[in-house]
Amino acid sequence: MDVVHSTDVELVCKCLQVEHKTFYFDLKENPRGRYLKISEKSSGSRSTIIVPVAGIVWFVDLFSYYADGDDREPSSKELQLDNKVFHFEVRENAKGRFLKVSEVSLPSIRSTIIVPAGNEADEGWGAFRNVLAEIHETSQLIVTLPDGSVSSQQLSGTPELLGNLSDVVDTAAYMSSRNGKLVSQARPLRDGATNLLPSINHDTGGLITARVLRAKNKKFYFDLGSNARGQYLRISEVVPYCSIYCQHSL
DNA sequence: ACGGCAT
């Protein structure tokens with residue numbers, strides 16, 4: 001199924017357990033752009049839809065609509081993006097209510113995931129919406145630079161900063177070990193987090209102080225390096241595998 | 001601990 005020798009870079013990965021199902025969210029990037037791969041795994045079987053990055057915010061909106069469901073029966077929705085159409089449809093069977101999300105891309109390739117409604121506001125559709133919203137926010141924090149130069153980005157009003165921070169750091173670790181290119185770091189507004197970031201001093205030609213960041217049970221190493229293509233920041237993490245993140249977060 | 005969809 002999956003292409004083993006993929007050149008696509010993983011920017012963010014999250015997973016969500018709903019009832020007996022596990023959903024995997026992978027924000028990836030290749031030269032054509034970014035996309036979100038959403039997979040569901042249930043007792044061996046697995047299905048996947050691919051959402052172009054521009055569609056994530058619409059998915060947040062649509063899942064909000066279904067999760068916040070007022071009294072009347074929610075209607076089916078369609079979302080057209082690039083060359084695909086996504087169909088959203090609420091159904092019910094003996095096991096409960098669920099949302100069927102189908103992707104149809106031409107010529108006639110269809111894939112579907114089934115998202116259980118869940119029993120409370122913060123599970124099922126609501127939890128799904130929250131994960132999508134986090135990924136959307138994180139995607140905006142991550143900037144990949146084609147020329148390998150360092151830049152920092154001033155952001156304001158970012159909630160849940162530490163959660164987003166570790167996502168960004170994971171990305172940086174992956175990208176710098178892969179091709180030596182750089183990922184800019186968002187500057188958190190929360191004091192505790194700000195102090196842990198490497199400092200980039202533009203007055204001294206972008207000198208970076210190496211540091212170690214501990215977040216939860218993870219450890220990240222920040223090191224400044226340089227090669228023929230310029231200066232870069234290497235950020236290493238002890239356990240860089242997506243599947244292990246998911247196990248930890250469950 | 002499911003399992004839906006639909007080929």
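Model, not experiment: these values are computed from the prediction. Letters A, B, ... are given to chains in the order of the sequence lines, protein chains preceding strands, and every chain is numbered from 1. Any value given below was found using the heavy atoms of this structure, including those in side chains, with hydrogens, waters and symmetry copies removed.
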Taking the side chain of A:T112 as heavy atoms from C-beta outward, which of B:dC5, B:dG3, B:dG4 is closest to it? B:dC5
B:dA1 phosphate, OP1 or OP2: any side-chain N/O from A:K21 under 4.0 angstrom? no
Quiz question: going by heavy-atom distance under 3.5 Å, is there a donor-acceptor pair between the base of B:dG4 and the side chain of A:E92? no
Just how far, in rounded Å, is C1' of B:dG3 from CG of A:L99? 15 Å
Using 30° and 60° as the class boundaries, would you call the ring planes of A:W125 and A:Y66 parallel, tilted or perpendicular? perpendicular
Separation of B:dC2 P from A:Q17 CD (nearest whole Å): 11 Å
Rounded distance (Å) that lies between atom P of B:dC2 and atom CD of A:E40: 14 Å
A:V90 to A:P74 - nearest heavy-atom pair and separation: CG2-CG, 3.7 Å
Exercise: identify the closest heavy-atom pair between A:V51 and A:I56: CG1-N, 4.0 Å
Find which nucleotide of DNA chain B each of A:K95 and A:S47 is nearest to by heavy atoms, and output the residue with the more 5' nucleotide. A:K95
Rounded off to whole Å, could you give me the CD1-to-P distance for the A:I38 and B:dC5 pair? 20 Å
Angle between ring planes, A:F63 versus A:F128, binned at 30° and 60°: parallel, tilted or perpendicular? parallel
Is the distance from OP1 or OP2 of B:dC2 to the nearest side-chain N or O of A:H20 less than 4.0 Å? yes
Using only side-chain N and O atoms of A:R91, determine if any of them is under 4.0 Å from OP1 or OP2 of B:dA6. yes
Starting at CZ of A:R46 and ending at P of B:dG3, how long is that distance when rounded to a whole Å? 19 Å
